[in-house]
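Here's the structure we're looking at; comments come further down.
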Amino acid sequence: MTRTPLVVAVDGPSGSGKSSVSRQVAAQLDLAYLDTGAMYRAATWRCVQRGVDLMDTALVADTVRSMVLQLDLNPRFPSFVVDGVDVGVAIRAPEISAVVSQVATNLEVRADLGERQRRVIAVERTPDGFSGGRGIVVEGRDITTVIAPDADVRLLLTASEEARLARRAREVHGTDDAAALEATREHVVDRDARDSTVVEFRTAADGVVTVDSSGLDLEQTVQAVLALVEDVAGR
Ligand SMILES: Nc1ncnc2c1ncn2[C@@H]1O[C@H](COP(=O)(O)OP(=O)(O)OP(=O)(O)O)[C@@H](O)[C@H]1O
Ligand SMILES: Nc1ccn([C@H]2C[C@H](O)[C@@H](COP(=O)(O)O)O2)c(=O)n1
């Protein structure tokens with residue numbers, strides 16, 4: 001049976017589980033997967049590599065516009081290649097996390113990367129895409145509202161600040177003791193505050209369903225999202 005392409009849009013704050021959950025949902029539904037946060041990180045990596053002053057918004061925008069970015073949309077092995085260099089690990093470095101908001105709040109950069117994201121989604125609606133026309137799960141901060149407001153499923157994945165801090169602390173420091181929580185705050189709470197000056201990802205827009213994962217483990221959250229997709233789109 002031929003099915004129409006499915007687009008699942010997921011937004012949410014840092015540490016809410018967007019990447020982990022979206023990847024697993026895409027893999028289980030045999031869809032492509034796009035992590036738009038990684039695109040902002042790749043853009044930041046290129047600027048940092050070239051010694052660009054991130055306060056120079058015009059130069060940052062030019063540097064990002066000329067970036068050749070190749071994406072592998074396989075949810076099992078997603079990859080990001082910038083100008084021929086695999087940046088999958090480098091873009092997660094603390095030095096990139098510390099400054100990525102400066103690039104992500106540059107409105108010219110947002111316009112450029114947003115256009116690239118829309119093109120990826122359009123291709124995944126055709127047989128030429130990675131998914132062969134089955135569709136895509138796209139996650140970030142403005143996917144449900146700006147990039148794909150027409151997505152079949154629109155979801156805001158949230159969790160309490162406490163839960164998000166504890167998850168990130170365990171991931172980065174191997175513990176969620178008081179010192180680890182404090183060391184993590186800058187990368188979760190403060191970054192969200194900076195990012196939310198240009199995009200709204202704390203409150204669900206009209207038609208966007210909220211899933212609160214504070215009391216759920218990763219597997220339960222994946223199941224909750226799969227149930228929602230089944231409910232809304234019959235998959
Ligand atoms: N429901 C959950 N319960 C417990 N841990 C979770 C849950 N969802 C995700 N995690 C864990 O929390 C951490 C953060 O998840 P993830 O990186 O997917 O969040 P994110 O929303 O994509 O964050 P960011 O936007 O900062 O990249 C990971 O270690 C992940 O395994
Ligand atoms: N659609 C998006 C995706 C991401 N961002 C910003 C938010 C973060 O500061 C940065 C990296 O995202 P992460 O990998 O932590 O999810 O990019 C955004 O503004 N819009």
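Start at 1 and go down the list; that is how both ligands and their atoms are numbered. In this text, all values refer to a predicted model and were calculated from it rather than measured experimentally. Side chains are part of it too, since the values below use all heavy atoms of this structure and drop only hydrogens, waters and symmetry mates.
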If we ignore hydrogens and angles and just use 3.5 Å, is the side chain of [X] paired with the main-chain N or O of [Y] as donor and acceptor?
X: Asp152; Y: Val7; answer: yes
X: Arg168; Y: Thr184; answer: no
X: Arg164; Y: Ser16; answer: no
X: Lys18; Y: Pro13; answer: yes

With distance as the sole criterion, is a donor-acceptor pair present between the side chains of [X] and [Y] under 3.5 Å?
X: Ser101; Y: Asp195; result: yes
X: Ser19; Y: Glu139; result: yes
X: Gln223; Y: Glu219; result: yes
X: Arg167; Y: Ser213; result: yes
X: Ser131; Y: Glu124; result: yes

Could you identify the single nearest non-hydrogen protein atom to [atom] and state the distance to 0.1 Å?
atom: atom 3 (N) of ligand 1; value: Leu216 O, 3.1 Å
atom: atom 10 (N) of ligand 1; value: Arg167 CD, 3.8 Å
atom: atom 30 (C) of ligand 1; value: Ser20 OG, 3.5 Å
atom: atom 14 (C) of ligand 1; value: Arg168 NH1, 3.4 Å
atom: atom 25 (O) of ligand 1; value: Lys18 NZ, 2.7 Å
atom: atom 22 (O) of ligand 1; value: Ser19 OG, 2.7 Å

Where ligand 1 meets [X] - atom numbers and elements under 4.0 angstrom, heavy-atom basis:
X: Pro13; value: 21 (O)
X: Gly15; value: 19 (O), 20 (P), 21 (O), 23 (O), 24 (P), 26 (O)
X: Gly17; value: 8 (N), 9 (C), 15 (O), 16 (P), 18 (O), 19 (O), 20 (P), 21 (O)
X: Asp217; value: 1 (N), 2 (C), 3 (N)
X: Arg141; value: 25 (O)

Checklist entry - Ser14 to ligand 1: N or O pair under 3.5 Å? => result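 Yes.
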Item to check | Heteroatom proximity flag, Thr221 to ligand 1, N/O under 3.5 Å | outcome: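 Yes, at least one N or O pair falls under 3.5 Å.
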Checklist entry - What residues form a side-chain contact (heavy atoms from CB on, under 4.5 Å) with Asp206, not counting sequence neighbours? => result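 Asp206 satisfies side-chain contact (heavy atoms from CB on, under 4.5 Å) with no other residue.
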Under-4.0 Å heavy-atom contact with ligand 1, by part of [X] that carries it:
X: Arg191; result: side chain
X: Leu218; result: both
X: Arg170; result: neither
X: Glu171; result: side chain
X: Arg92; result: neither
X: Ala159; result: neither

Item to check | More than 12 heavy atoms of other groups within 6.0 Å of Glu162 CD | outcome: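 Count not over threshold, so no.
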Checklist entry - Using a threshold of 4.0 angstrom between heavy atoms of the protein and any atom of ligand 2, which residues qualify? => result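 Residues Thr36, Gly37, Tyr40, Arg41, Arg92, Val100, Ser101, Ala104, Arg110, Gly140, Arg141, Asp142, Arg191, Asp195 each place a heavy atom under 4.0 Å from ligand 2, listed by chain and number.
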Under-4.0 Å salt bridge between [X] and [Y]:
X: Arg194; Y: Asp190; result: no
X: Asp112; Y: Arg65; result: no
X: Glu161; Y: Arg185; result: yes
X: Arg141; Y: Asp11; result: no
X: Asp142; Y: Arg118; result: no

Checklist entry - Can a non-hydrogen atom of Ser16 be found less than 4.0 Å from any atom of ligand 1? => result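 Distance cut 4.0 Å: Ser16 passes for ligand 1.
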